[in-house]
Q: 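To start, I am sharing the structure in question, which I have written as structure tokens.
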Amino acid sequence: MRAKITYFTLAAVLVAYFVLVGSRGWLLIQQGTPVTVAFGVAVLVLPLIGVWFLWKTTRFASRAGRLSRELEAEGGLPVDELERTPAGRIVRESADAVFAARRAEAEAEPENWRVWFRLAVAYHDAKDTPRARKAMEHAIRLHARERTGAAPGNRTPGRA
């Protein structure tokens with residue numbers, strides 16, 4: 001719950017910032033000189049990129065949360081079997097071992113969104129955030145395909 005509050009607080013601050021920056025960009029454009037118009041357009045591009053990024057991130061988190069809730073209802077969420085240091089940090093060798101098992105599951109069932117979800121969690125535990133995100137995005141696509149009944153495609157993430 002704390003993470004959600006933090007996320008929505010930061011998102012609100014970002015939106016306020018985007019409005020402020022956008023208004024400054026608009027004021028520059030209204031000045032009408034070539035230089036201020038060019039700066040104004042450049043300033044307006046930044047909030048547009050920020051809004052797009054915020055939307056994509058929120059949509060990803062929402063879809064991943066939906067998959068998590070569905071997997072939890074099925075009793076299929078990965079069990080935390082990682083060894084930890086006395087300070088609570090994950091032991092790297094333990095994360096690597098769990099990752100190898102999850103990768104083998106994904107290779108055995110490449111069209112199953114549940115194993116890709118668990119692989120994404122294993123990537124995250126192994127501190128490989130870019131691949132964790134790609135694996136989760138693949139799980140989201142597979143889940144959507146399963147719900148719509150679409151035929152499996154050739155689209156797979158970079159590396160399992």
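Bear in mind that the values here come from a model prediction, so they are computed numbers and not experimental data. These numbers come from the heavy atoms of this one structure, side chains and all, not from hydrogens, waters or symmetry mates.
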Q: Which atom pairs, one a donor and one an acceptor, fall under 3.5 Å between side chains of residues 63-79 and the rest of the protein, sequence neighbours left out?
A:
residue : atom : partner : partner atom : Å
R69     : NH1  : G65     : O            : 3.3
E70     : OE1  : H143    : NE2          : 2.7
E70     : OE2  : H143    : NE2          : 3.4
E74     : OE1  : R114    : NE           : 2.8
E74     : OE2  : R114    : NH2          : 3.0

Q: In terms of hydrophobic clustering (I, L, V, M, F, W, Y; side-chain heavy atoms under 4.5 Å; direct or indirect links), are L20 and V51 co-clustered?
A: no
Q: If I take atom CZ from residue F60 and atom CE from residue M136, how far apart are they, to the nearest 0.5 angstrom?
A: 5.5 Å
Q: Would you confirm whether R89, through its side chain, and R84, through its main-chain N or O, come within 3.5 Å as a donor-acceptor pair?
A: no
Q: Applying side chain to side chain contact (heavy atoms under 4.5 Å, CB included), run through R92 and D96 and close with a yes or a no.
A: CA-CA 6 Å; R92 177 71 182 195; D96 290 344; 3.5 Å; yes
Q: Taking the basic N atoms (NZ, or NE/NH1/NH2) and the acidic carboxylate oxygens, is any pair closer than 4.0 Å for R102 and E105?
A: yes
Q: Locate the shortest heavy-atom distance separating P47 from G22; write the atom from each residue and the value.
A: CG-N, 3.9 Å
Q: Report the distance from atom CG of D125 to atom CZ of F99, rounding to the nearest 0.5 Å.
A: 11.5 Å
Q: Could you state the interatomic distance from CD (E137) to NZ (K56), rounded to the nearest 0.5 Å?
A: 7.0 Å
Q: Grouping I, L, V, M, F, W and Y whenever their side-chain heavy atoms are under 4.5 Å apart, do W113 and I140 come out in a common cluster?
A: yes
Q: Mind checking the NZ-CG spacing from K134 to D128? Nearest 0.5 Å is all I need.
A: 9.0 Å
Q: For a quick test of reading the model, state the closest non-hydrogen atom pair linking A126 to A95 and the distance between them.
A: CA-CB, 4.1 Å
Q: Nearest 0.5 angstrom please: E111 CD to L142 CG, how far?
A: 5.5 Å
Q: Using 30° and 60° as the class limits, which term best fits the ring planes of H138 and W116: parallel, tilted or perpendicular?
A: perpendicular
Q: Sub-3.5 Å donor-acceptor pair from the side chain of T148 to the main-chain atoms of R145, do we have one?
A: yes
Q: Check whether more than 12 heavy atoms from other residues, nucleotides or ligands sit under 6.0 Å from atom CZ of R24, and answer yes or no.
A: no
Q: Applying the 4.5 Å side-chain criterion to the ILVMFWY set and letting contacts propagate, would V98 and I90 be lumped into a single cluster?
A: yes
Q: Is it true that, when you exclude F53 itself, more than 12 heavy atoms of the residues, nucleotides or ligands shown sit nearer than 6.0 Å to its CZ?
A: no
Q: With heavy-atom distances below 4.5 Å as the criterion, would you say the side chains of V91 and L82 are in contact?
A: no
Q: Distance-only check: which donor-acceptor pairs under 3.5 Å involve side-chain atoms of residues 27-37, not counting sequence neighbours?
A:
residue : atom : partner : partner atom : Å
T33     : OG1  : T36     : N            : 3.3
T33     : OG1  : T36     : OG1          : 2.8
T36     : OG1  : L28     : O            : 3.2
T36     : OG1  : T33     : N            : 3.3
T36     : OG1  : T33     : O            : 3.1

Q: Would you be so kind as to tabulate the donor-acceptor pairs closer than 3.5 Å made by side chains of residues 4-18, with sequence neighbours excluded?
A:
residue : atom : partner : partner atom : Å
T6      : OG1  : R2      : O            : 2.9
Y7      : OH   : T58     : N            : 3.3
Y7      : OH   : T58     : OG1          : 2.4
T9      : OG1  : I5      : O            : 2.7

